[in-house]
Amino acid sequence: MVYNTMSRTKEPLVTMRAGELRMYSCGVTVYDLSHVGHAKMMIVFDVIARYLRFAGYRVTFVRNFTDIEDKIIRRANEEGVPAREISERYIAAFREDIAALGVQAPDVEPKATDHVPEMLALIERLVAGGFAYVVDGDVYFEVRRFPAYGKLSGKNLDELLAGARVDVDDRKRDPRDFALWKAAKPDEPSWPSPWGPGRPGWHIECSAMAMRYLGPSFDIHGGGEDLIFPHHECEIAQSEAVTHQPFARYWVHNGFVNMGKEKMSKSLGNTLTIRDIVKRHDPEALRLWILGTHYRHLLEWSDERVHEAAVALARLRRPIEYAAPYAASETFRAAHEHPVPAEFAAFSRRFVEAMDDDFNTPEALAALFDFSSALLGKSLSPQALVTGAAELQRLARVLGLLQRDAQPAPPDVLRLMDERVAARAQRDFRRSDELRAEIQRLGWLVEDTPEGARLTRKSG
RNA sequence: GGCGGCGUACCCAAGUGGUUAAGGGAGCGGACUGCAAAUCCGUUAUGCGCCGGUUCGAAUCCGGCCGCCGCCUCCA
């Protein structure tokens with residue numbers, strides 16, 4: 001089941017082509033560093049894509065870059081460099097940031113400026129079909145000609161007009177009409193067009209790129225909830241006016257990350273960049289924190305909550321650390337080929353059921369935590385522990401968690417461990433404790449167990 | 001004003017008609033330990049913003065009220 005903004009209900013997921021799923025999600029406008037809000041959106045759609053693949057779909061995932069836009073141009077003019085330099089700079093920064101978050105690259109990452117011909121073709125068809133009109137080199141979509149306008153956001157045209165704070169531009173036939181093409185102003189990048197040099201409006205790029213890579217009608221279209229109106233509403237209008245078929249079947253929108261009670265936004269100056277967060281938190285902890293709340297719900301930024309997630313992550317990971325020595329040994333080399341014990345099947349089933357229910361990651365995580373407890377609690381056979389831990393990791397990876405295998409300790413840590421074992425044998429606990437503290441400084445935790453001391457990497 | 005969302009324990013957060021209201025964090029008591037850590041056991045909501053109603057039965061449905069938030073303008 002997937003919650004569809006269009007119907008405002010959860011609907012069974014039925015793809016247009018059996019076994020195949022085509023998905024488009026609106027990317028970022030590259031004029032500045034990305035913040036936690038972007039991180040949430042990227043992680044949410046990363047998990048959706050991962051899960052759909054896990055569930056057996058052949059997924060084609062497209063996510064664009066908006067690399068021509070007012071704010072990019074303004075910034076370029078401020079710095080006295082070409083717009084392209086700004087967009088390239090922040091595309092590179094964006095890629096670095098989300099790679100640090102473990103977000104997998106989509107199948108296609110188109111840039112708006114590489115698809116101007118496709119946009120022009122679309123606009124020409126809209127003009128030819130009477131859905132758009134030209135004024136002084138600008139081209140506007142005439143909302144009145146598309147009666148379904150408002151169907152996604154639940155707005156009706158009259159109310160839109162009543163509360164209209166839209167820019168009053170008398171050249172437009174109606175204040176609600178939106179720009180498909182903007183005539184070039186001095187000092188702006190421009191492309192030739194049948195209506196003179198200019199640049200594309202914001203909405204048309206997504207229609208053009210989605211259609212180019214996914215066809216006129218595809219399965220899932222996603223983005224932040226703020227894009228429902230006007231962005232996605234406009235995409236639907238301009239696309240469906242041309243194609244006469246549903247642009248996307250399912251509209252999926254993620255909830256925001258707030259700073260305190262306020263929305264995070266550049267204009268309020270309360271953004272927190274991904275880079276700043278990654279400096280002080282394990283990226284997987286950030287991911288766990290984000291996935292601990294349903295994707296459609298609002299999240300309030302808190303360093304404390306992310307820290308708690310780091311602690312929880314260590315717990316989740318523990319069975320993998322415990323299983324590592326066995327898994328590495330010769331005897332269990334083929335452990336992955338052993339079937340997962342039946343007693344663990346319930347956890348996998350619960351995980352899948354949760355994810356099938358509109359990507360309910362909090363519930364899926366609960367299943368993983370219970371799984372983890374089951375692996376830690378009873379004294380399992382090494383074989384059960386190894387296969388169970390492998391299954392736990394396989395599921396966690398669908399959420400982008402527990403990506404790393406347990407790592408062997410470096411030689412200097414092992415040397416200190418040997419020293420500590422010797423000290424303890426002589427009941428020299430003072431020395432033993434010193435060594436334990438020393439090892440901790442190197443990033444490893446020492447746990448004494450009946451089977452001897454165990455080393456685990458410190459996390460969070 | 002229009003549209004939408006939220007209010008569940010000390011904190012975060014699932015659950016949207018039916019056994020004892022998930023899970024994580026935090027606290028407290030205990031076991032284990034040389035001490036720890038980890039783990040385990042016990043414990044912290046007879047109640048899910050408030051008031052009514054429907055029902056054999058509601059956190060879940062309906063009505064009203066209170067509080068918080070988002071969109072309607074660039075925004076993930």
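Sequence lines set the chain letters: A, B, ... in the order given, protein chains first and strands last, and positions in each chain run from 1.
- Within residues 32-44 of chain A, the residues having any heavy atom closer than 4.0 Å to RNA chain B are, in order of number, A:H35, A:G37, A:H38, A:M41.
- Residues satisfying the side-chain hydrogen bond (donor to acceptor under 3.5 Å, both in side chains) test with A:R415, not counting sequence neighbours, are none.
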Dump every N/O contact between nucleotides 23-31 of chain B and the protein below 3.5 Å, one line per pair.
residue: B:rG25; atom: O2'; partner: A:E308; partner atom: OE2; Å: 3.3

**Item:** Secondary-structure string, 5' to 3', Watson-Crick or G-U under 3.5 Å, | for another-strand partners, for RNA chain B
**Value:** ((((((((.[[[..)..(....]]]((((((.......))))))....[[[[[..)....]]]]])))))))....
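- For A:R315, the side-chain contact (heavy atoms from CB on, under 4.5 Å) test picks out A:F369, A:S373, with sequence neighbours left out.
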Review item, nucleotides 32-35 of chain B N/O atoms under 3.5 Å of protein N/O:
residue: B:rG34; atom: N7; partner: A:R424; partner atom: NH2; Å: 3.2
residue: B:rG34; atom: O6; partner: A:R424; partner atom: NE; Å: 3.3
residue: B:rG34; atom: O6; partner: A:S432; partner atom: OG; Å: 3.4
residue: B:rG34; atom: N1; partner: A:D433; partner atom: OD1; Å: 3.0
residue: B:rG34; atom: N2; partner: A:D433; partner atom: OD2; Å: 2.6
residue: B:rC35; atom: O2; partner: A:R436; partner atom: NH2; Å: 2.8
residue: B:rC35; atom: N3; partner: A:R436; partner atom: NH1; Å: 3.1
residue: B:rC35; atom: N3; partner: A:R436; partner atom: NH2; Å: 3.2
residue: B:rC35; atom: N4; partner: A:D448; partner atom: OD2; Å: 3.1

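- Using a 4.0 Å heavy-atom distance criterion, A:H297 is classed as a sugar-phosphate-only contact.
- Contacts of A:T29 classified as side-chain contact (heavy atoms from CB on, under 4.5 Å), with partners at least two apart in sequence or in another chain: A:Y31, A:T66, A:E69, A:I72.
- Residues passing the side-chain contact (heavy atoms from CB on, under 4.5 Å) test with A:R427 are A:F429, sequence neighbours excluded.
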Produce the list of close N/O pairs, under 3.5 Å, pairing protein atoms with atoms of nucleotides 60-63 of chain B; give distances to one decimal.
none

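- Of the residues in residues 91-106 of chain A, not one comes within less than 4.0 Å of RNA chain B through any heavy atom.
- Residues satisfying the ring-ring contact (aromatic ring centres under 6.0 Å, His included) criterion with A:H294, sequence neighbours excluded, are A:H297.
- Qualifying side-chain contact (heavy atoms from CB on, under 4.5 Å) partners for A:E96, counting only residues two or more places apart in sequence or in other chains: A:R275.
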